[in-house]
Amino acid sequence: VQLQASGGGLVQAGGSLRLSCVASGIFFSLNDMAWYRQAPGKQREWVASVSITGHGDYADSVKDRATVSRDNAKNTIYLQMSNLKPEDTAVYYCNGLYGKFPWGQGTQVTVSS
C-alpha cells in the first residue's frame, strides 16, 4: 500500500491550494477515502472524507472552505482549500476512513499571516 500526497507549499493567508493523493495497492474505487492533518505538537485530525459515490463530508474547521473529490480512474483524491488560515498549517495526509491503511508520506502546508 502506498499513499502519496502532494501539492502542499507556502501560501499567504487567504490563498488557495489543491492537494492530491495517489493511492496504490488498494481497491481504491471500493474504499471511502479521507484527508487528515497534523499540526506541530498536535494529534492528527480528520479534515474531510469522500465516499465511493463521491459524497463529501467536512470537519467544521474547514467546512465552506474545502472541497474533496476523487478520480477513480487515477486512484487519486483531491482537496481544494480556499481562504487558507494560519491554523491550517499542518502536514496533510490521505488514508481510508479511520486510517485503515499504513500512513504514507504527507505534504506540508504552511500558511503565513
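The structure presented is a predicted model; accordingly, all values stated were derived computationally and were not measured.
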Run the salt-bridge test on K85 and D88 with the 4.0 Å N-O cut-off and return the result as yes or no.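 No salt bridge links K85 with D88.
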
Return the CG to OH distance between L97 and Y36, rounded to the nearest 0.5 Å. 5.5 Å

Counting N and O atoms only, with roles assigned by atom type, does the side chain of [X] sit under 3.5 Å from a partner on the main chain of [Y], one being a donor and the other an acceptor?
{"X": "Y93", "Y": "T107", "value": "no"}
{"X": "S16", "Y": "S82", "value": "no"}
{"X": "T76", "Y": "K74", "value": "yes"}

Considering only residues two or more places apart or on different chains, which pairs with a residue in residues 54-113 satisfy disulfide bond (SG atoms under 2.5 Å apart)? C21-C94

Could you tell me if R44 sits above the aromatic ring of W103, with its cationic atom closer than 6.0 Å to the ring centre and no more than 45 degrees from the axis? yes

Quick one: is the NZ or CZ of R70 closer than 6.0 Å to the six-membered ring centre of Y78, and within 45° of its axis?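 No cation-pi geometry.
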
Do [X] and [Y] come within less than 4.5 Å of each other through their side chains, counting heavy atoms only?
{"X": "Q80", "Y": "S69", "result": "no"}
{"X": "S49", "Y": "D32", "result": "no"}
{"X": "K42", "Y": "R37", "result": "no"}

Take a 6.0 Å sphere around CD of Q2 and say whether it holds more than 12 heavy atoms from other residues, nucleotides or ligands. no

Between T53 and S51 the two heavy atoms that sit nearest each other are OG1-OG, 2.8 Å

Distance-minimising heavy-atom pair for A13 and S113: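 Heavy atoms only, the tightest pair is CB-CA, 4.3 Å.
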
Members other than V111 in its cluster, when Ile, Leu, Val, Met, Phe, Trp, Tyr link by side-chain heavy atoms under 4.5 Å? V1, L3, V11, L17, L19, I26, F28, M33, W35, V47, V50, Y58, V62, V68, I77, L79, M81, L84, Y92, F101, V109

